[in-house]
Amino acid sequence: MKTILALLLVAFTGCASVQKHEASIRPASALVCRGVLLLAVNAKDRADIANDIYAIAAVTKALSMGTAPTPAQFEAVLKSTTPKASEYSELASTLASFYAAAYPSMKGNPKLALQVLADIADGCTDAVAGMKGP
């Protein structure tokens with residue numbers, strides 16, 4: 001999974017503008033969230049992980065309606081929201097890295113930053129659509 005994440009990041013960070021980033025943020029977020037779902041060993045684990053991913057999406061969506069955080073602030077919020085297990089730490093870091101990759105291209109435009117956060121949240125929600133959650 002780490003290899004897939006690394007390839008996604010290389011492809012993602014190679015883009016020159018936020019608009020190009022936006023095309024890949026939502027599917028990339030969905031892919032990494034689905035990867036965490038694959039770690040579930042039974043239906044209960046899968047439902048618990050899905051609920052945790054819904055929580056990540058909800059926090060990210062809430063951020064997308066406020067003031068644009070820095071990449072470090074976004075990662076800190078994700079890590080404080082998720083359980084301490086390593087798969088969640090990796091998920092938080094990976095989602096934060098998508099935001100961090102797009103951040104320099106935003107050139108201080110909060111509207112673009114908030115759209116990227118919304119895309120990350122939507123990708124997480126896409127990954128767990130139809131599973132237990134809100």
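For reference, positions follow the sequence shown, starting with 1.
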Salt bridge (charged side-chain N to carboxylate O under 4.0 Å, His left out) filter on K44, not counting sequence neighbours, yields D48
State, to 0.1 Å, how close [X] and [Y] come at their nearest heavy-atom pair, and which atoms those are.
| X | Y | answer |
| --- | --- | --- |
| S80 | V77 | OG-O, 2.9 Å |
| A100 | P71 | CB-CB, 3.6 Å |
| I53 | C124 | CG2-O, 3.6 Å |
| F74 | L95 | CE2-O, 3.8 Å |
| T94 | S97 | O-OG, 2.6 Å |
| S64 | L117 | CB-CB, 3.7 Å |

Could you tell me whether the side chain of Y99 and the main chain of P69 form a donor-acceptor pair under 3.5 Å? yes
Answer yes or no: is there a donor N or O on one side and an acceptor on the other, between the side chain of Y54 and the main chain of T125, under 3.5 Å? no
Taking the side chain as C-beta and beyond, is there a heavy-atom pair between [X] and [Y] under 4.5 Å?
| X | Y | value |
| --- | --- | --- |
| M65 | L114 | no |
| F98 | D119 | no |
| L91 | C33 | yes |
| T70 | Q73 | yes |
| V116 | Y103 | no |
| D45 | N42 | yes |

Working to the nearest 0.5 angstrom, can you tell me the gap between T60 OG1 and L63 CG? 6.0 Å
Reported CZ-to-CG distance for the pair R46 and L38, which is rounded to 0.5 angstrom: 7.0 Å
Apply the test side chain to side chain contact (heavy atoms under 4.5 Å, CB included) to residues Y88 and I49: give CA-CA distance (whole Å), side-chain angles for both, the deciding distance (0.1 Å), then the verdict. CA-CA 9 Å; Y88 293 108; I49 291 171; 3.3 Å; yes
Is there any salt bridge (Lys or Arg N to Asp or Glu O under 4.0 Å) pair reaching into residues 49-76, and which pairs are they, with sequence neighbours excluded? K61-D122, E75-K79
Excluding sequence neighbours, so at least two apart, what forms side chain to side chain donor-acceptor pair (under 3.5 Å) with D126? R26
